[in-house]
Amino acid sequence: MRTLFIITRADDIGGAQVYVANLAARMQADGHTVLVVTGRQGVYGEILAGYDIPTSTCPSLRHPPRPIQDLRATREILRIMSQFRPDLVSLHSSKAGILGRVASQMVGIPCVFTAHGWAFTDGVPQPQKALYRQIETWAAPWADQIICVSDYDRRLAISAGIPSQKLVTIHNGIPDTASRSIHRCKSRSVCITMVGRMADPKDPGILLHAVKAIPGVTVNFVGDGPKLGAYVDMSKQLGLSDRVQFLGHRSDVSPILRESDVFVLSSRYEGFPLSTLEAMREGLPTVVSDVGGAGEAVIDGVTGYLVPRGNVGAFRNRLEELVANPDVRLAMGRAARLFYEQEFTFSMMFERTIAVYQRIVERRTAFTLGYERPCEI
């Protein structure tokens with residue numbers, strides 16, 4: 001199968017970029033032909049090159065909606081489609097999802113859009129939320145299938161008027177690392193780690209304010225983004241400079257998590273974050289904002305805690321419980337690791353996703369030949 005992946009941003013790395021790299025690499029290893037198209041070149045290209053994944057750029061494919069620029073991007077996508085001649089187009093991120101569906105419809109190539117969290121989810125400000133809800137509802141019929149990475153996102157799409165038969169939930173999954181026993185030192189200071197883009201949606205300030213009143217803990221922030229400088233300044237203003245490290249973008253997240261004791265994600269809104277799965281994989285208890293599909297990876301009180309969005313006091317209380325009780329941390333960490341193994345491995349996600357891709361291609365081929373086989377997804 002020849003699969004064309006399209007994702008908007010290459011200048012930043014988030015869960016959608018990691019998802020595409022892992023999926024494309026596995027498909028290529030299994031004998032499929034892949035090409036990943038991004039907007040302007042950036043650090044993401046280096047990651048794809050490390051997997052030996054062929055890439056192409058679409059310079060006009062940029063995030064802000066601009067009609068003339070978007071028209072150019074659609075033409076560039078059509079040109080790439082003409083050259084690559086894919087059997088299927090796999091679309092990721094809102095802008096690529098819209099323009100890619102338009103282009104696929106124009107040339108009759110089947111496409112699948114993966115919604116890594118809707119741009120009209122709870123927490124997104126107006127009028128952006130209403131605008132994207134309208135656009136996504138309008139564009140939905142042009143996808144052969146829409147993969148939602150959480151049940152929450154599937155329900156949200158249905159409430160927006162997107163037909164349920166267009167939607168299928170496939171939770172994110174990530175590759176495992178080397179197996180290990182979870183034995184963390186109970187005597188040293190407790191290390192809390194948050195992995196996420198330094199931008200408003202992740203709201204790292206919640207964690208900074210929460211740990212201010214918890215003596216003795218240290219905090220690692222892993223991730224880059226436009227608000228990194230602002231959060232560094234905030235940590236200084238709160239008197240936390242000696243306890244907080246901003247590590248920027250890191251390709252070695254697993255070792256950092258392995259040396260941590262608690263994982264936190266204080267997001268305002270989410271789809272289904274990979275960072276929580278990374279923490280679970282390393283046997284960490286997780287304290288996560290109960291937003292979007294984030295709660296579907298946490299068994300509250302068993303593998304970690306779910307906390308109301310933006311509630312500094314609730315984050316502080318849960319973290320104080322975990323800091324004071326090392327045996328609870330270890331028990332929750334073991335339960336989190338087991339939950340990852342049972343539900344969120346990359347192999348599980350890959351098999352479900354490739355089955356959707358293959359069925360869509362087979363169905364379109366059958367239709368082109370003048371008949372259609374039954375297809376249950």
Side-chain angles (χ1 to χ4, degrees), residues 15 18 22 149-152 170-196 207 210-211 214 216-222 247 250 252-267 270 272-308 314-352:
V18 173
N22 287 338
V149 296
S150 69
D151 289 326
Y152 170 87
I170 301 178
H171 284 117
N172 285 336
I174 57 173
D176 200 359
T177 52
S179 60
R180 70 196 63 78
S181 297
I182 302 171
H183 296 294
R184 288 188 165 83
C185 177
K186 299 180 183 180
S187 60
R188 63 171 171 80
S189 63
V190 174
C191 177
I192 299 169
T193 294
M194 176 170 172
V195 180
L207 177 55
V211 300
I214 307 177
V217 303
T218 60
V219 181
N220 291 324
F221 287 99
V222 181
L247 304 178
R250 297 288 292 266
D252 58 341
V253 173
S254 290
I256 295 170
L257 290 169
R258 210 167 296 156
E259 295 301 318
S260 303
D261 300 285
V262 180
F263 172 82
V264 169
L265 192 63
S266 53
S267 307
E270 282 288 355
F272 188 85
L274 294 180
S275 56
T276 303
L277 304 186
E278 290 173 331
M280 294 164 59
R281 180 181 63 190
E282 302 305 329
L284 289 182
T286 59
V287 183
V288 175
S289 293
D290 191 7
V291 294
E296 293 173 35
V298 179
I299 304 175
D300 191 40
V302 178
T303 68
Y305 294 115
L306 295 173
V307 177
F315 269 101
R316 182 187 303 117
N317 291 340
R318 290 309 192 186
L319 289 173
E320 285 176 337
E321 291 177 28
L322 291 172
V323 168
N325 296 283
D327 290 335
V328 173
R329 293 199 304 269
L330 290 172
M332 284 188 166
R334 293 190 182 99
R337 169 70 195 186
L338 180 61
F339 195 31
Y340 158 75
E341 292 173 352
Q342 292 173 338
E343 299 292 339
F344 304 117
T345 66
F346 176 74
S347 294
M348 295 175 187
M349 186 204 78
F350 177 79
E351 295 301 330
R352 295 165 185 163

J.: When you check the side-chain N and O atoms of Ser289 and Glu270, is any donor under 3.5 Å from an acceptor?
T.: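 The answer is no; no qualifying pair exists.
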J.: Return the minimal non-hydrogen interatomic distance between Ser189 and Asp261, and the atom names on each side.
T.: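 Closest heavy-atom pair between Ser189 and Asp261: O-OD2, 3.8 Å.
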J.: Taking the side chain as every heavy atom from C-beta outward, state whether Leu319 and Val217 have any atom pair closer than 4.5 Å.
T.: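 In short, these two side chains do not touch, never coming nearer than 4.5 Å.
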J.: For the pair Arg281 (side chain) and Asp176 (backbone), establish whether a donor and an acceptor sit closer than 3.5 Å, ignoring hydrogens and angles.
T.: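 Checking the backbone N and O of Asp176 against the side chain of Arg281, no donor-acceptor pair under 3.5 Å is found.
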J.: Which pair of heavy atoms, one from Thr286 and one from Ala279, lies closest together, and at what distance?
T.: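 Heavy atoms of Thr286 and Ala279 come nearest at CG2-CB, 4.0 Å.
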J.: So Asp151 and His171, do their side chains get closer than 4.5 Å, heavy atoms only?
T.: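 Counting from C-beta outward, His171 and Asp151 do come under 4.5 Å.
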J.: I need the minimum non-hydrogen distance between Leu265 and Ser275, along with the two atoms involved.
T.: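 What the structure gives for the nearest pair is CD2-OG, 3.8 Å.
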J.: Mark yes or no for whether Asn172, through its side chain, and Phe272, through its backbone, hold a donor-acceptor pair below 3.5 Å.
T.: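 A pair under 3.5 Å: yes.
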J.: Looking at every non-hydrogen atom in both residues, tell me the closest pair between Glu282 and Ser254 and how far apart they are.
T.: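 Between these two residues, the closest heavy atoms are OE2-OG, 3.5 Å.
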J.: Run the numbers on Asn220 and Met194 for side-chain contact (heavy atoms from CB on, under 4.5 Å), then give the verdict.
T.: CA-CA 6 Å; Asn220 291 324; Met194 176 170 172; over 6 Å; no
J.: Under 3.5 Å, side chain of Asp290 to main-chain N/O of Pro308, donor-acceptor pair present?
T.: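 No: the side chain of Asp290 does not pair with the backbone of Pro308.
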J.: Locate the shortest heavy-atom distance separating Phe315 from Ala210; write the atom from each residue and the value.
T.: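 Here Phe315 and Ala210 meet closest at CB-CB, 4.0 Å.
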J.: With sequence neighbours excluded, tell me which residues meet side chain to side chain donor-acceptor pair (under 3.5 Å) with Thr303.
T.: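 Partners of Thr303 under the side chain to side chain donor-acceptor pair (under 3.5 Å) test: none.
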J.: Could you tell me whether the side chain of Phe263 reaches within less than 4.5 Å of the side chain of Thr276, counting heavy atoms only?
T.: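 In short, these two side chains touch, coming nearer than 4.5 Å.
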J.: I need the single residue from Val253, Ile256, Leu284 that forms a side-chain contact (heavy atoms from CB on, under 4.5 Å) with Glu278. Which is it?
T.: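 Of Val253, Ile256, Leu284, side-chain contact (heavy atoms from CB on, under 4.5 Å) with Glu278 is met by Val253 alone.
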J.: My understanding is that only residues two or more places apart in sequence, or in another chain, count here; which of them pass side chain to side chain donor-acceptor pair (under 3.5 Å) with Asn317?
T.: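 Scan of Asn317 (side chain to side chain donor-acceptor pair (under 3.5 Å), adjacent residues dropped) gives none.
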J.: Going by the rule salt bridge (charged side-chain N to carboxylate O under 4.0 Å, His left out), which residues pair with Arg250 if we only count those two or more places apart in sequence or in a different chain?
T.: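 Scan of Arg250 (salt bridge (charged side-chain N to carboxylate O under 4.0 Å, His left out), adjacent residues dropped) gives Asp252.
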J.: Tell me, please, which residues at least two apart from Glu343 pass side-chain contact (heavy atoms from CB on, under 4.5 Å).
T.: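 Residues passing side-chain contact (heavy atoms from CB on, under 4.5 Å) with Glu343: Phe339.
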J.: Does any N or O in the side chain of Tyr305 come within less than 3.5 Å of the main-chain N or O of Ala314, such that one atom is a donor and the other an acceptor?
T.: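 Flag not set: sc Tyr305 to bb Ala314 has no pair under 3.5 Å.
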J.: Please find the pair of heavy atoms, one from Arg329 and one from Val323, that lie closest to each other, and give the distance.
T.: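 Heavy atoms of Arg329 and Val323 come nearest at NH1-O, 3.1 Å.
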J.: About how many Å separate CE of Met348 and OH of Tyr340, when rounded to the nearest 0.5 Å?
T.: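 Separation between the atoms: 8.5 Å.
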J.: Side chains of Leu322 and Met332: does their closest heavy-atom pair fall under 4.5 Å?
T.: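 Counting from C-beta outward, Leu322 and Met332 do come under 4.5 Å.
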J.: With sequence neighbours excluded, tell me which residues meet side chain to side chain donor-acceptor pair (under 3.5 Å) with Ser150.
T.: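 Partners of Ser150 under the side chain to side chain donor-acceptor pair (under 3.5 Å) test: Asp153.
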J.: Which pairs with one or both residues in residues 316-326 pass salt bridge (Lys or Arg N to Asp or Glu O under 4.0 Å), sequence neighbours excluded?
T.: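 Every salt bridge (Lys or Arg N to Asp or Glu O under 4.0 Å) pair that includes a residue of residues 316-326, provided the two are not neighbours, is Arg318-Glu321.
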J.: Is any side-chain heavy atom of Arg337 closer than 4.5 Å to a side-chain heavy atom of Arg334?
T.: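 Not in contact.
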